[in-house]
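Note that ligands are numbered from 1 as they come in the structure, with each ligand's atoms numbered from 1 the same way. Below, all heavy atoms of this structure are taken into account, side chains as well, without hydrogens, waters or symmetry copies. Only a predicted model underlies this, so the values are computations on that prediction, with no experimental measurement involved.
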Amino acid sequence: MPHESESFPEVTSAPVAALIAHVVPLTRTRAIRGSFDYRAGAEQLAVGSIVRVPFAGRSLLAVVVALDERSELPLERLASIEAVAPERLPGDLVALAGWLAREYCSTPARALSLMLPPGAGHGLREQQLLIATATPAGIAALSDGTRLSAGQRTALAVLSGGGEALAAEIGTALLRRLEGRGLVRIELATRGRRPPRQTVASAPAQAPVLTLEQQQAVQAINAALAQAWSAGRGDAQRGDGPDTTVADAATTGAPAGAPAPLLLHGVTGSGKTEVYLQAAATTLAAGRDAIILVPEIALTPQTLERFVARLGEVVAVMHSGMSDGARHDEWLRLARGEAHVCVGARSAVFAPLADIGLIVVDEEHESSYKHDSDPRYDARNVAWQRARMHGAVLLAGSATPRPESVMRCTPLRLRERADGRPLPATKIVDMRGSHHPLHPETRMALSDCRREHGKAVVLLNRRGWSNFLTCGSCGRVWMCPNCEVALVLHRAAGVIACHHCGHREFVPRRCPDCGSVSIARHGAGTERLERELFETLATPDFPVLRLDADASDLSARAAILARFQAAPAGVLVGTQMIAKGHDFSGVTLGVVLDADQTLRFPDFRAEERTFALITQLAGRTGRGSEGRVLVQTQTPTARAIRLAAAYDSDTFLRGELRRRKALGYPPFATLIRLVCASPVAEQADAAAAALRGHLKPRSSEILGPAPLFMLRGQSRVQLLVKTRARTAAIVAVGAAVEALAGTREARGVAISVDVDPI
Ligand code: ADP
Ligand code: ZN
Ligand code: ZN
């Protein structure tokens with residue numbers, strides 16, 4: 001019989017031999033919730049122990065969430081735990097999983113699965129290596145006339161220095177023969193797999209002299225750290241503590257005892273990383289741990305390199321580019337207290353650190369902090385919950401912070417660039433009436449850039465060659481068979497492709513409907529732009545590079561960035577990827593083509609995204625050199641574009657908050673998005689209608705059901721809950737989804753719940 005409660009009290013006691021373990025089996029099924037009782041064997045168990053249990057006829061990975069003396073069931077009816085993994089989740093993460101399941105309308109099992117050590121339960125162990133050392137007899141054999149082959153002599157000479165060596169590096173077969181003669185000892189030993197490090201030559205190990213603004217920010221942060229730590233751990237340390245969420249706190253004020261989060265709002269190039277480094281150093285000096293969240297390490301290895309170079313071996317790294325094995329070993333270093341700082345992408349918010357004093361969220365506006373499958377958690381919100389549980393300071397930073405963060409955090413400002421240079425001058429280029437994707441002024445600026453041996457970044461947030469194809473005779477548009485979107489031409493690959501599901505087909509020669517061979521291409525993407533710039537500008541000294549999702553994987557993208565970084569002159573064309581926090585030096589020209597592209601999205605965040613994209617692209621320009629920026633647009637008077645060009649983030653944010661307040665959007669309300677998806681349109685419709693019937697949150701507005709475009713062969717219908725009573729609405733949504741489950745309307749329909757969709 002499952003226990004109903006989904007909240008796990010945090011128990012930090014040492015492993016004990018208990019009689020009964022309450023265990024959450026890690027299944028994806030929503031229908032199975034709560035914990036189940038198992039008989040503990042002779043093994044030492046604790047809250048957070050990772051075990052295998054028999055469940056519904058299978059053997060499942062599971063997590064112990066409580067220990068008990070007795071069960072409601074007779075002992076002989078309980079199954080036994082089959083095995084215990086060597087790793088264990090810290091108690092606070094078990095508590096955090098309970099909170100996360102509630103906050104994101106998911107299940108404890110799914111939340112716990114996020115927190116497992118990478119590769120847990122798949123037989124992963126730390127790497128075991130054969131290590132050889134010379135015995136005293138072996139050392140003596142070098143000089144006492146013992147018969148040795150030349151190879152054996154060399155091997156013994158290497159080992160006789162008193163050191164150890166990897167057997168594989170010397171030759172395991174040769175060493176085994178020496179071992180047989182008692183001259184060498186070979187042992188199996190554990191050696192951590194360390195992630196390969198990209199070395200960036202520019203990472204200095206010495207701190208620069210801080211600017212005055214940096215000093216002030218560091219002082220304010222140190223004061224907040226001292227205050228938070230003297231207050232001790234927050235109220236929310238118990239996972240079942242007051243269920244205050246970020247949005248509630250935004251309207252009701254932060255809970256007593258929890259330090260208000262800090263927002264380092266600093267212009268691009270103002271040296272925010274340096275401030276994070278100092279805060280981390282303070283944290284380490286006080287004997288506490290730190291988590292540094294960064295959006296995507298493979299694309300911006302510099303941030304990581306700076307942390308490693310300055311803080312050294314205490315830094316552990318977690319990101320998707322690492323092997324499971326390497327991530328597992330880093331996890332262990334953190335869990336054992338061998339490493340005290342975790343630098344990583346979104347999931348590093350679950351780093352198993354014991355005594356967190358600081359959590360940094362770098363580039364806090366980045367959408368990659370949101371997890372895109374259930375539980376759809378937002379690492380920025382989880383970071384705040386975790387900070388409160390540990391009595392830690394949350395420090396978010398960005399040049400383009402979200403209105404949410406501006407409202408809820410204590411601001412710290414860096415208004416000047418660290419190198420003392422001004423922000424590059426920005427000019428809006430009016431594209432009304434222009435037919436070519438590049439304005440004559442932009443062409444001129446690019447050829448000036450080449451003449452002056454400068455570097456340029458050109459942003460076009462649309463990849464491929466052209467947006468869509470039409471038949472010149474009958475008007476047919478080539479669409480994806482699985483999604484209701486047009487296929488995009490990729491000329492080099494000779495295909496038209498869907499950017500949603502990956503469907504590809506050969507470029508058509510004639511229209512299948514009317515047989516016409518007149519096929520028109522519309523719009524320009526990065527591939528076409530690259531070709532055009534290549535043909536008009538490229539020389540051996542002035543390369544034209546392109547960075548977008550066509551580059552097969554992260555390492556291919558990192559290589560393109562490294563080439564551009566190293567080149568003395570040239571152009572980098574790309575999608576929003578090129579506007580991320582890269583610290584390129586010597587970029588003299590930044591160009592945004594079609595700045596309206598993000599503005600056209602029917603979404604309340606369209607202006608926020610547009611403002612951020614332009615500001616961030618401008619931010620890559622004029623570091624260590626003069627720079628200027630051109631912004632091509634069809635709507636030169638649009639607020640987001642005008643204010644981004646003027647670097648006026650205060651006015652932009654004030655206006656944005658006023659608008660959202662008037663319209664009842666976050667951070668003044670919480671949005672919860674429910675999507676019913678099914679291959680059969682009628683089923684998705686019926687499920688959405690039924691779901692709406694079950695939804696009765698008080699003081700909430702329910703928008704929809706509204707159809708979305710078909711995706712991957714699934715018809716989709718959306719409901720949007722807009723509420724000021726966040727916690728109550730989340731509970732109501734969870735109840736509605738549960739009420740629908742198992743009914744006729746739910747059959748064959750996948751329902752996804754997204755709290756705080758982005
Ligand atoms: P941001 O993240 O704010 O855009 P970065 O942290 O990337 O800025 O810093 C921009 C550049 O300024 C980096 O090359 C960094 O090494 C340099 N920098 C930071 N602080 C200082 C300082 N106090 N003096 C000189 N250079 C600095
Ligand atoms: Zn046709
Ligand atoms: Zn598709």
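- Inspection of the Thr268 and Arg417 side chains reveals an N or O donor paired with an N or O acceptor under 3.5 Å.
- Residue-to-ligand polar distances place Thr273 within reach of ligand 1: an N/O pair is separated by less than 3.5 Å.
- Residues Asn222 and Thr282 bring a donor and an acceptor atom of their side chains to less than 3.5 Å of each other.
- Every atom of ligand 1 with a heavy atom of Asp583 under 4.0 Å away is listed here by number and element: 11 (C), 13 (C), 14 (O).
- Of all protein N/O/S atoms, those under 2.8 Å from the Zn ion (ligand 2) are Cys471 SG, Cys474 SG, Cys511 SG, Cys514 SG, and waters are not counted.
- In this structure, Gln576 places its CD atom where more than 12 heavy-atom neighbours from other residues, nucleotides or ligands lie under 6.0 Å away.
- If you look at Asp362 next to ligand 1, there are no close heavy atoms at all, none under 4.0 Å.
- Listed by chain and number, the protein atoms of type N/O/S under 2.8 Å from the Zn ion (ligand 3) are Cys480 SG, Cys483 SG, Cys498 SG, Cys501 SG; waters are omitted.
- Only the side chain of Pro208 comes within contact range of ligand 1, with a heavy atom under 4.0 Å; no backbone atom does.
- In this structure, Phe652 and Phe611 have parallel ring planes: the angle between them is below the 30° cut-off, well short of the 60° mark.
- Using a 4.0 Å heavy-atom cutoff, Leu210 is listed among the residues neighbouring ligand 1.
- For the pair Glu363 and ligand 1, the shortest N or O to N or O distance does not fall below 3.5 Å.
- Of the heavy atoms in Arg417, none comes closer than 4.0 Å to ligand 1.
- Using a cut-off of 4.0 Å between Lys/Arg side-chain N and Asp/Glu carboxylate O, Arg306 and Glu274 are scored as not salt-bridged.
- The closest side-chain donor-acceptor pair between His365 and Ser398 falls under 3.5 angstrom.
- Checked by atom type, the side-chain pair Thr400/Gln616 shows a donor-acceptor distance below 3.5 Å.
- Between the side chains of Glu364 and Ser405, at least one donor-acceptor pair of N or O atoms lies under 3.5 Å.
- Residue contacts with ligand 1: Gly266 is excluded, as none of its non-hydrogen atoms falls under 4.0 Å.
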